[in-house]
Amino acid sequence: MASGSPSGRSSRDGPGGRPTRRPPRRVWGWSPRRRSRPVRRQARASHDRRGRGGQRSAGARGRSPDRRSVDLPRQAAYQAVAAVNRDDAYANLVLPSILRDIGLVGRDAAFATELTYGTLRHLGTLDAILTDAAGREVARIDPPVRDALRLGAYQLLHTRVPAHAAVSSTVDLVRSVGPGATGFANAVLREVTGRDAEAWVARLAPPLETDPIGHLALAYSHPQWIVRAFAEALGGDLGETTRLLIENNERPAVHLCARPGLADPVTLADEVGGAPGAFSPYAVYSGGGALGDLPALTEGRAHVQDEGSQLVAQALAVAALDGPDGRWLDLCAGPGGKSGLLGAIAAQRGARLTAVEVSEHRARLVRQATHDLPVTVLHTDGRAVGSTPKLAEGHFDRVLVDAPCTGLGSLRRRPESRWRRQPSDLPALTRLQRELLAAALRAARSGGLVAYVTCSPHVVETHVTVTEAARRCGVPVDFVDARPLLPEGMPGLGDGPTVQLWPHRHGTDAMFLAVLRRS
């Protein structure tokens, strides 16, 4: 979409010139007195006096900040970023518990959240800048010091925190987690202050004209292979790819799903100080405050769910179907968001949903999410269709396959995923996707419908997987045009019969939808 991104940014960028980027938000700052090269020598000298790579004793690794010297929001952000980088934790899981433990609420909690997610989103570019500023690879910096420097660089380049405050608070943080490296940290951060974000990209990124993928990857902090995959899915349009990368680095609104028959979206929007969604009839955009113990959530009348996920589940429910329509199946149900929506729709239509989940923990989450709905949860592998009467072949009228995938469509909500996923993950995932879709097609009755969904726009996980599975499944199938199954007036749905949603076009995660009918 040329100009309709949710944030209202200009789309005047493209392959013919330097991409348009949002000006840095830092409004105060200072530059070091020394020129760039001497500062880097000072950084190296300070570093070397503390040992190779700035490393301290093993006891300093993973150390929590000293609460006496570090303000609480930065302490919380550091702990979250360190847990993500050290323990492969997920920010959306660890940060809430850290905020509770420290007792942060309101603006302090919001600042800690901004620092955590912003640092993780911009990690690749921050590391490139810190490498240049320090005169050595960030991998050679002691991990606690490295994470503190990342937080400091993010504040300097992407927030309105005054430069002196960002430097001082980061040095205090380094003093608490990596004693002895404060001189090194101070020198590196002073070097970072010498340029704004635009100038650092101009210095470090390869030219857009000769290496567009490399340029966009560094400018917008995505691995090159992901930028290449996005560009391929967008037909090679580098301008639109740029808008997608920008949107992935924005903080997304929290989307709620008002379960049909149980909650009214307008009323729910009033409760959360938000607004009804743009496309899904069940969507509500949160006003930004903490949801806490919102009654609609605790009572099971609503749940947190991206609007794109709501749309693809609803598409399966509204597709025309001849014959009986009482037996529905969610073949990969955990953690239960789509099962909750489908179960609520099924309750209104006298149908029943069978929700299958291979993980015991996630199966428990599905049971919790579908409590009091006409949903039966099976803890088993979705590929086991035909092995049990509860999962019989040719038995179900509507089948959803929300297949495990790389999750490249939700990078704005899970920023650490962009740095963890690798191209080598694809073969095993796509094999599993084909097997699950083939099982779903066997589970559907003649004339029944199957919706294949992934939260990834990678063509190998979308078009390649669905066409190969349909060809190999052993039962006759036809593609149904999915575009009419989405709300009228949705822009940018392509030529069909499949649909790809996009953050920059629709304000949703990048959900892919294919609908097939078993002949």
Side-chain angles (χ1 to χ4, degrees), residues 24-30 32 46 54 56 59-87 89 91-123 126 129-130 133 138 141-193 197 251 288-290 292 415-416:
R25 290 179 289 173
R26 180 166 59 90
V27 295
W28 297 286
W30 46 268
S46 299
R56 303 292 299 170
R61 296 180 180 273
R63 177 177 297 176
S64 296
D66 184 346
R67 296 195 182 193
R68 295 169 297 181
S69 61
V70 183
D71 67 271
L72 295 183
R74 289 180 174 88
Q75 179 185 143
Y78 170 82
Q79 290 182 6
V81 169
V84 168
N85 293 324
R86 181 186 64 236
D87 306 326
N92 66 315
L93 298 181
V94 299
L95 182 59
S97 63
I98 291 172
L99 296 178
R100 285 194 301 270
D101 290 344
I102 294 180
L104 288 184
V105 296
R107 296 182 63 180
D108 284 345
F111 182 50
T113 301
E114 168 66 16
L115 290 184
T116 299
Y117 281 88
T119 299
L120 294 174
R121 289 188 183 103
H122 292 273
L123 196 64
L126 294 175
I129 292 170
L130 290 171
V138 291
I141 301 174
D142 193 28
V145 176
R146 181 171 64 219
D147 287 334
L149 288 173
R150 288 164 168 167
L151 285 164
Y154 177 74
Q155 293 173 69
L156 289 168
L157 300 173
H158 296 284
T159 76
R160 293 186 176 92
V161 174
H164 70 274
V167 172
S168 175
S169 61
T170 303
V171 170
D172 286 343
L173 179 58
V174 169
R175 183 177 294 111
S176 70
V177 301
T182 54
F184 165 71
N186 186 66
V188 170
L189 292 171
R190 284 176 176 268
E191 176 73 4
V192 173
T193 64
R251 180 175 57 189
E416 63 274 358

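Residues: numbered from 1 along the sequence shown. Predicted, not measured: the structure shown is a model, and the values here were computed from it.
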Task: Worked verdict on Thr113 versus Arg251 for side chain to side chain contact (heavy atoms under 4.5 Å, CB included) - done: CA-CA 10 Å; Thr113 301; Arg251 180 175 57 189; 5.5 Å; no
Between atom [atom1] of [X] and atom [atom2] of [Y], what is the distance when rounded to the nearest 0.5 Å?
X      : Y      : atom1 : atom2 : value
Asp108 : Ile102 : CG    : CD1   : 10.5 Å
Phe111 : Asp71  : CZ    : CG    : 7.0 Å
Leu120 : Tyr154 : CG    : OH    : 10.0 Å
Arg175 : Asn186 : CZ    : CG    : 9.5 Å
Arg121 : Glu416 : CZ    : CD    : 10.0 Å
Leu173 : Ser168 : CG    : OG    : 11.0 Å

Nearest non-hydrogen partners of [X] and [Y], listed with the distance:
X      : Y      : answer
Gly152 : Leu189 : C-CD2, 4.2 Å
Leu99  : Ala112 : CD2-CB, 3.9 Å
Pro73  : Leu104 : CA-CD1, 3.7 Å

How would you list, by chain and number, every residue that makes a side-chain contact (heavy atoms from CB on, under 4.5 Å) with [X], sequence neighbours excluded?
X      : result
Ala166 : Gln155, Leu156, Val161
Ala82  : Tyr78, Arg86, Asp147
Ala77  : Leu115, Thr116, Leu151

Any side-chain to backbone donor/acceptor pair from [X] onto [Y]? Under 3.5 Å, distance only.
X      : Y      : value
Ser169 : Ala165 : yes
Tyr117 : Asn92  : yes
Arg146 : Val138 : yes

TODO: Have a look at Arg150 and tell me which of Leu130, Thr170, Val145 forms a side-chain contact (heavy atoms from CB on, under 4.5 Å) with it.
DONE: Leu130
Task: Worked verdict on Leu157 versus Leu126 for side chain to side chain contact (heavy atoms under 4.5 Å, CB included) - done: CA-CA 9 Å; Leu157 300 173; Leu126 294 175; 4.3 Å; yes
